[in-house]
2 protein chains.
Amino acid sequence: MTDPATLRETVRDTVRDTVRGAGRSSGRGAETRERILDAALESFGTIGYDGTSLDDLASGLGIRKQTILYHYVSKRGLLGAVVDRCAADLNTALLEVLEGEATDWERVEALVRSVFRVALEQPLLMGLLREVSRPGSPAAPRLKGAMGPLMERAQAWMEREMDAGRMRRTDAQLVLISAYSTVVGLATEVEVLRAAGLEPTMRTVATRRRELLRFLRASLDPQR
Amino acid sequence: MTDPATLRETVRDTVRDTVRGAGRSSGRGAETRERILDAALESFGTIGYDGTSLDDLASGLGIRKQTILYHYVSKRGLLGAVVDRCAADLNTALLEVLEGEATDWERVEALVRSVFRVALEQPLLMGLLREVSRPGSPAAPRLKGAMGPLMERAQAWMEREMDAGRMRRTDAQLVLISAYSTVVGLATEVEVLRAAGLEPTMRTVATRRRELLRFLRASLDPQR
DNA sequence: GCCTCTTTCTACCAGATGGTCAGGGGACTT
DNA sequence: AAGTCCCCTGACCATCTGGTAGAAAGAGGC
């Protein structure tokens, strides 16, 4: 867990930034960087971080492993970059709602719909979340760092709503985590369905969403 | 995915049985076998199959890797044995209820409580399920084989109930899979809670269970 | 004492993995 | 034409991986 090699690697990855030459993002290599990121997301999200080899990743892209290591300093650096981009995607989707004009319960509903939309459009992203939100995952702290501020913001908003009496008083963090794990669980569910030979339909997803909303309403609605 | 090496390994593991000398279970090595199984469950369920090295596993037990390979023919054989034991645990817990005297809705409730009890007593088991129920996992077919009969039995029972009008007519398999993924998702949730610095309490689990029961009632209750 | 079976160990191996180092080539500047 | 910067690669390496071969040690039957 904390053998010297891992520790050293962690320190290095933290000191230098993940991406070589962060700051400039244009240039010929930008496209390569994106392609690597896409492939890495797919691989990490399905066969997992440990199951992904840089050689396979590279040969799938028609490049050499060293090219990956050139753009992203190390394998963990690559994972970090993937997590960062996914967190950014989720952040923009959620911020769009948080800065929209919906209020009260409508806002909650909009948030849930927004997350489910992302989950449907980018199922790989959910797979990555599932992979990363595992104890001892190398990227768990990074995910926390990338999503934490938004979570805190959502929590603060909920607590303001509670203070104003527009939401029932409960543990905001607990509700958020429940909602989060429901969405990630949805990804698992879809995979199990596929393994059982059933192609998941819109109906299963809609049912899940309805259930989550019902749960949230039961937890948050002041009348009840 | 189906490279020759993997294929060969799969065939061998399937032909010989997983455990060397299955049939006799007594002897001096029985205790060692159990200890290996315990440690393997813990490791597979937390850091995952790929993340587990036989050397680490062995040194954690104060034995040599070759001892593990003596008792369980290969790493995949070990995974298979772990999955089998967990499936057996779940099976006995569920069979106890299925052969009990509870009927109708009470039986559904008893099943859910039974599964949650197992999940609480052996959280590692849920971690393993989560690890294994991933597309492309080497043990996915084995889990299916070990749990499949019970699932089919549950499904058949539900369909009989539907025919008799004691349950609302829906897709039994879909309901079962939803319930399954909720329980496995619970494991994720507990881990995320821990990562967020909150020790999961009985309350969070109870809430989840109540939610699942509500979902099942909504899906199955004939009045509504 | 001898034989057999079980269990565990030491020694070793081929392959894969993440990572380093030095260099080549293109584009753009001066 | 020379220098410089960015992008990419071939050759190489230390380490770790799951797995094999063979022997030592003990227990028990004859």
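Naming: A, B, ... by sequence-line order, numbering from 1 per chain.
- Rounded to whole Å, atom C1' of C/dC21 lies 13 Å from atom CG of A/Leu69.
- The two residues B/Ile36 and B/Leu61 come nearest to each other via the heavy atoms CA-CD1, 3.8 Å.
- B/Asp50 has its CG atom 12 Å from the C1' atom of D/dG18, to the nearest Å.
- For the residue pair B/Arg142 / B/Ser137, no side-chain donor-acceptor distance below 3.5 Å is found, with atom types taken as modelled.
- Seen from the ring of B/Phe215, A/Arg208 counts as a face-on cation partner, given the 6.0 Å and 45° thresholds.
- The NZ-C1' distance, from A/Lys65 to D/dG10, rounds to 12 Å in whole Å.
- Atom CD of A/Glu34 and atom P of D/dC7 are 13 Å apart (whole Å).
- A salt bridge does not link B/Lys75 with B/Asp50: every distance from a Lys NZ or Arg NE/NH1/NH2 to an Asp or Glu carboxylate oxygen is 4.0 Å or more.
- Nucleotide D/dT15 holds its C1' atom 14 Å from the NZ atom of A/Lys75, rounded to whole Å.
- Here A/Thr67 reaches the OP1 or OP2 of D/dT9: one of its side-chain N or O atoms lies under 4.0 Å away.
- At whole-Å resolution of the value, CZ in A/Arg64 and P in D/dA11 are 11 Å apart.
- Applying the 4.0 Å criterion to OP1 and OP2 of D/dC7, one finds that A/Thr32 has every side-chain N and O outside that range.
- Scanning for salt bridge (charged side-chain N to carboxylate O under 4.0 Å, His left out) contacts around B/Asp56 gives an empty result, with sequence neighbours left out.
- For A/Ala40, the side chain to side chain contact (heavy atoms under 4.5 Å, CB included) criterion is met by A/Phe44, A/Leu57, A/Leu78, A/Val82, not counting sequence neighbours.
- Between A/Tyr72 atom OH and D/dC8 atom P the separation is 11 Å, expressed in whole Å.
- Close to C/dT8, at under 4.0 Å from its OP1 or OP2, lies a side-chain N or O of B/His71.
- At C/dT8, none of the side-chain N or O atoms of B/Tyr70 fall inside 4.0 Å of OP1 or OP2 (strictly under the cut-off).
- The number of heavy atoms from other shown groups lying within 6.0 Å of CD (B/Glu159) is above 12.
- Remark: C1' of C/dA11 and CD of B/Gln66 are 9 Å apart, rounded to the nearest angstrom.
- Of the residues in residues 52-62 of chain A, those lying under 4.0 Å from DNA chain C by heavy-atom distance are A/Thr52, A/Ser53, A/Leu54.
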